[in-house]
Amino acid sequence: MRIPILKLHEYLLISVQVDLDDQTAMQFQEDLLSKIHESGATGVVLDLTSVDIIDSFIAKVLGDVVSMADLMGAKVVFTGIQPAVSMTLIDIGIHLQDVPTALDLEQGLIKLRRELEEK
Amino acid sequence: MEKRLKNIILEHSDEIIKKWLEKLDQSKIAEYGETISQESIEQTNREFVNVIFSNIESDGGTDDLHEFSEKIVNLGWPLGYLTEGMQAFRSVTIKVILEDIGETNSNDEFLSIMEGVNDWVDPIKNRLINEYSHNWTNIVSLQKVALQELSAPLIPVMEGITVMPLVGTIDTDRAKLIMENLLNGVIKNHAEVVLIDITGVPVVDTMVAHHIIQAAEAVRLVGSQCILVGIRPEIAQTIVNLGIDLRNFPTKSSLQKGFRTALEMTGAKVVSESESEGDEIENILNSIEKE
Amino acid sequence: MKGTLSNVPIAKELDIVGARQTGRNIANDLGFSSVDQARIATAISELARNIYLYAKKGEITFQQVEGVAPVGLKIIAKDNGPGIKDISKSMIDGYSTSGGLGAGLPGVKRLMDDFDIMSSDEGTTIHVIKWLR
């Protein structure tokens with residue numbers, strides 16, 4: 001299973017619609033990085049509204065993607081993390097401190113623009 | 001044997017009731033609450049004894065036990081009223097029965113009377129106690145629900161800004177509830193900024209601070225931001241003395257200041273009308289001066 | 001009251017997803033809130049992954065239990081793998097022998113109410129319970 005990555009101007013948009021298993025998450029990490037490479041995107045919005053489980057492994061894969069994309073010059077914003085998922089992450093001690101977040105796709109794009117302008 | 005005892009009790013019901021009421025008057029019911037009027041005590045006592053007798057007549061199985069214990073709970077009278085009442089009934093009844101059948105020297109007969117009376121009194125007493133504690137548990141769980149509803153209200157102040165005032169002690173259970181309300185409210189109200197007002201929290205120790213920090217972190221994950229407001233001087237002191245690190249999210253002493261910060265964060269600000277008028281007048285004055 | 005509700009063998013990576021979905025459905029049926037469902041599902045995910053990573057094969061068992069609360073969900077993760085060499089170390093945040101976040105076992109402990117672990121060179125068994133409140 002592969003997660004579709006959409007391009008909008010200089011941004012990449014991803015809406016995860018499936019229950020993330022390890023293989024899908026790893027594949028996504030690879031796909032996103034090569035998409036950033038070929039498109040030269042400067043910002044990425046990863047919408048997690050439909051994801052209802054993030055365990056420590058998935059959290060690590062997603063957190064790593066943010067750092068990796070950052071190295072390639074693309075800023076990643078997570079949007080739509082569900083309350084239940086957020087509480088569970090806090091419980092297991094994963095704070096994703098370096099990852100910018102926003103309520104939804106729209107806010108995510110605004111945040112991206114703001115962060116990129118600051119640079 | 002049992003039939004005989006029952007008949008004696010029913011025959012002498014007036015006498016038993018009279019003695020029982022006297023005995024109850026002597027006991028400490030009046031101490032249960034100074035606000036209870038003598039009248040209501042007498043009325044309740046009479047109701048009590050009626051309940052006991054109706055149960056003896058019908059060999060138990062009436063609903064009035066349930067109603068009566070519910071009444072006692074609602075009146076706020078202690079369980080001791082019921083147990084003392086039943087004990088008094090037991091001793092009065094035994095005395096009356098012994099007087100009726102005349103002096104007896106037979107231990108066996110005495111024992112069988114005791115047993116016979118106990119066989120009636122104990123089930124009634126047990127049922128009363130069970131009903132009482134059942135009612136009590138009901139009240140406690142209802143209050144718990146009521147308290148939970150009070151626990152963590154979320155107030156949308158304006159677009160993108162929501163306030164959550166916290167009042168009272170925060171324990172682990174409440175902290176979980178607060179966090180759930182907070183996060184669901186953030187999503188529901190589409191809040192970009194949440195002000196958590198701890199003015200009403202009496203003590204902020206490491207535990208409470210830990211819960212607040214976790215809530216703030218969780219709020220950040222769903223894509224919003226927290227401002228902690230209402231930090232009184234003594235709370236600022238304990239936070240620093242305990243070495244609690246709150247640097248990761250903004251804190252303000254009052255809701256007003258926090259609200260101003262929240263406005264800035266959402267890209268709005270308060271503009272005073274009179275101030276802008278003042279500017280206009282100044283502009284006019286300036287232009288006059290130039291002429 | 002005590003009864004096994006389901007048994008999910010773990011042998012391949014996709015079984016992790018299967019186990020947590022089964023767990024979530026059971027938690028839902030028992031009346032757990034959506035937040036607790038997420039906690040339970042995440043804990044199962046961690047336990048199942050540990051089995052897959054370290055023992056290759058094992059199974060996750062779901063039981064309904066009663067105790068401090070009338071209803072509880074007990075999850076037993078059992079494998080016949082090499083066992084955990086240093087249990088106390090495995091319970092420290094950030095400790096990992098697999099390159100993960102090291103949040104697995106201590107995370108599971110925080111997500112659930114009761115946590116019990118037994119490990120020897122013949123395998124590892126972890127019991128966790130979440131009580132319905």
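This structure is a prediction, so every number in the text was calculated from the model and none was measured. Note: hydrogens, waters and symmetry copies are ignored here, and every other heavy atom, side chains too, is used. In what follows, chains are A, B, ... by sequence order, proteins preceding strands, each numbered from 1.
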At a 4.5 Å cut-off on heavy atoms, which part of I54(A) comes close to chain C: side chain, backbone, both, or neither? backbone
Any pair with a residue in residues 42-53 of chain A that passes salt bridge (Lys or Arg N to Asp or Glu O under 4.0 Å), sequence neighbours left out, goes on the list, sorted by first then second residue, please. none
With a 4.5 angstrom heavy-atom cut-off, which part of Q21(C) approaches chain A: side chain, backbone, both or neither? side chain
Any chance the side chains of Q82(A) and T49(A) put a donor and an acceptor closer than 3.5 Å? no
Other residues, nucleotides and ligands only: do more than 12 of their heavy atoms fall within 6.0 Å of CD on E106(A)? no
If you round to the nearest 0.5 Å, how far is CG of L132(C) from CD of E66(C)? 12.5 Å
Are T42(C) and D55(A) close enough that a side-chain donor and a side-chain acceptor fall under 3.5 Å? no
Residue by residue, which of residues 12-27 of chain A have a heavy atom closer than 4.5 Å to a heavy atom belonging to chain C? D19(A), L20(A), D21(A), D22(A), Q23(A)
Between D64(A) and K60(A), does at least one N-O distance fall below 4.0 Å, as a salt bridge requires? yes
In terms of side-chain heavy atoms, does R39(C) have a donor or acceptor partner in T88(A) at a distance below 3.5 Å? no
